[in-house]
Amino acid sequence: MEKNFVHLHVHTEYSLLDGAARIEKLVKVCKEYGMPACAITDHGNMYGCVTMFDACTKAGIKPIFGCEFYVADDLHERTARSKNSHLILLAKNRTGYLNLCELNSIAFRDGFYYKPRIDYKTLEKYSEGVVCLSACIAGDIPQYILSHQYDKAEELVQWFKRVFKDDFYLEIQNHGMKEEQEVNKKLHEYSKKYGIKLVATNDAHYIYKEDAVVQDVLMCVQMGKTIDDPNRMKFPSDEFYIKTYDEMAKAFPDDLDALATTLEIAEKCNYSFKEDHIDENKYMFPPFMPPNGLSFADYLWQLVDAGVVKRYGGYNKTVRERIDREMGVIVKQGFAQYFLTVWDYINAAKNMGIPVGPGRGSGAGSVVAYCIGITNIDPFKFDLLFERFLHTERVTAPDFDCDFADDRRQDIINYVRDKYGADKVVKIVTFGTMAAKNAIKDVGRVLGVPYSETDKVTKNIPNLPAKHHDVIQKAFGFYHPKEGDKDFGTDYAVPELVELYNGNADIKRVVDIAMKLEGMPRQCSTHACGVLIACDSVDKFMPISRNGDDLTTQYSMTDIERLGHLKMDFLGLRNLNDIAKAIQYVKENYGVELDFDKMGYEDPGVYKLLSSGNTKAVFQVESGGFQKFLKELKPTSIEDITAGVTI
């Protein structure tokens, strides 16, 4: 018998505040242990699947996509009696993965009551291509056993066997709990009676045994408790970690076959995101339909030709060369459909009277975008480069930042939903993480360290840019970049903090734990501007989540782009409201109609205002740093502002 094992019951950091196993480290450790695969089975969600795929691909082991679902008797029931038993489901193939996505979407969309839930009727409908494990002692079968309802337990075992056939396994665990021993005894009986294989798992919530204290603190953060609260929920032992084969064999000396079963299951599970074009530079754009049967390229050319007449009075040599170059890249890269999709909703917004921004970001460098009205800034006038936005070596989709008046933003999203179908348009999830200072405060509160003590720490932690996810390590002198690293030669250590760490045992304990928590996802919310517009119903590609009344994707903005889907930025900008109202008031009070598109950049009053630094509420130049800069610059023309600026 091969002495190997695969973890099939694992809670990563995406079991939000209930899992301390960071995916990158988890995969690295499984690789070090010689394991050929590893599963991700977070509580009630699939948030981390794309991250898991990337980590496993990099490490050369197989990712197994799954979820520990919450199961209710009836997913529509919302009463105090509603239960949330556990069940492990793993994807065997693409059909199984899509069924897990569908189940997860149903759980959030239709079954959400404190937690996202499915029921057995729904599970049976979407059971194809899925491996099912009977879960920990919080599963229905173990719960029936523990309550001595053996008839119900056997009835459910038979139901699973009928629905999943040889893809149903009875899950045995041993974390040193007497309840598990009682359950395992019965599961052995059912295994022999019904010919169902046993599979041994460890309900892993963290990576190393010593991380049990980190998990304990994490749960206290989740529940708002302190670590010495006698009434709080806590794990019964420190055995919930990523164990080696030998450690699992020690826990199950008489069930080595159940360890080998994990390899059998791992061999069954073979879904890869590569089946859905990840890393192949293929994009699944929304079903925009050009009129009169025209191709995307031909219709875009038609719009461009009309736009050239409107913007420039017709083609000249310079415009022709630039347009030909841009269109060559756009069509060759397969992005004509993308341009048309953006043009369509920008044009619709203008027709609906929604104030639209003139364009910003690298997209403002496209003459094609200017000609068809996506942007309203002439790239020739400001020497803006198209190649900064799109070029032949770019493998990712271009990205227009589109500003709309914030009180009308939802109107344009509704337009897109009406055009393509509400099931194809959904907002995007984003994750709030445990930032350095908050991690220190949270851990200090949980451990009962006085706020005055942790306040000394947080006040001295430097405000490094958001890209730094190791601020605590750097501030306390634990970060030592090697030659070649971008931070090589940079010492972020703060002497006051190093002194506090070495001289105060309480602070040392807080910092040691907080370092392990910094950067972990804390909660999910809705991205401020990101919207997914899919080529088909979104839950046919990925699981859906919920944030209040909003339905969102479960995959982040970057994950969605990795999967080849179209992420659009619909930014709500209050300044556009203010400008629209100002124009309205000027017309009402003075009878003058202002049209910014026909105004130049010569008004000395504008530069006088900028030079004064009184630019609060002026978009992009309202910060204290910009106000100071403008007062020192004292611009008198547009050239003063753009001189020396690299586009």
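On a predicted model such as this, the values are computed, not experimentally measured, just so you know. Values below: all heavy atoms of this structure, side chains included; hydrogens, waters and symmetry mates excluded.
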Decide whether [X] and [Y] meet the rule of one side-chain donor and one side-chain acceptor closer than 3.5 Å.
{"X": "Y169", "Y": "E264", "result": "yes"}
{"X": "K125", "Y": "N99", "result": "no"}
{"X": "H175", "Y": "N202", "result": "yes"}
{"X": "S525", "Y": "N547", "result": "no"}
{"X": "T57", "Y": "D54", "result": "no"}
{"X": "D203", "Y": "H11", "result": "yes"}
{"X": "Q215", "Y": "H205", "result": "no"}
{"X": "D539", "Y": "S105", "result": "no"}
{"X": "T201", "Y": "E171", "result": "yes"}

Do [X] side-chain atoms and [Y] backbone N/O form a donor-acceptor pair below 3.5 Å?
{"X": "Q173", "Y": "E180", "value": "no"}
{"X": "Y208", "Y": "Y241", "value": "no"}
{"X": "D559", "Y": "V50", "value": "no"}

Give a yes or no on whether a salt bridge exists between [X] and [Y], defined as a side-chain N under 4.0 angstrom from a carboxylate O.
{"X": "R232", "Y": "D216", "value": "yes"}
{"X": "R162", "Y": "E124", "value": "yes"}
{"X": "D140", "Y": "K83", "value": "yes"}
{"X": "D399", "Y": "K567", "value": "yes"}
{"X": "D211", "Y": "K209", "value": "no"}
{"X": "R522", "Y": "D442", "value": "yes"}
{"X": "D423", "Y": "K540", "value": "no"}
{"X": "D406", "Y": "R574", "value": "no"}

When the aromatic ring centroids of [X] and [Y] are compared, is their separation below 6.0 Å?
{"X": "Y47", "Y": "F431", "result": "yes"}
{"X": "Y70", "Y": "F112", "result": "no"}
{"X": "F400", "Y": "F389", "result": "yes"}
{"X": "Y345", "Y": "F570", "result": "yes"}
{"X": "Y97", "Y": "Y271", "result": "yes"}

Among K161, K268, K92, whose salt bridge (Lys or Arg N to Asp or Glu O under 4.0 Å) with D166 holds?
->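 That would be K161.
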Kindly indicate whether the side chain of [X], heavy atoms from C-beta on, has any atom under 4.5 Å from the side chain of [Y].
{"X": "K62", "Y": "N270", "answer": "yes"}
{"X": "L90", "Y": "V130", "answer": "no"}
{"X": "P63", "Y": "F273", "answer": "no"}
{"X": "V531", "Y": "I428", "answer": "no"}
{"X": "I544", "Y": "T552", "answer": "no"}

List the atom of [X], the atom of [Y], and the distance in Å for their closest heavy-atom pair.
{"X": "P36", "Y": "N4", "result": "CD-ND2, 3.9 Å"}
{"X": "M223", "Y": "M233", "result": "CE-O, 3.3 Å"}
{"X": "A266", "Y": "A37", "result": "CB-CB, 4.2 Å"}

Gap separating the OG atom of S85 from the CD1 atom of I141, nearest 0.5 angstrom |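 The CD1 atom of I141 is 10.0 Å from OG of S85, to the nearest 0.5 Å.
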Give, for atom CG of L75 and atom OH of Y113, the distance between the pair rounded to the nearest 0.5 Å.
-> 14.0 Å
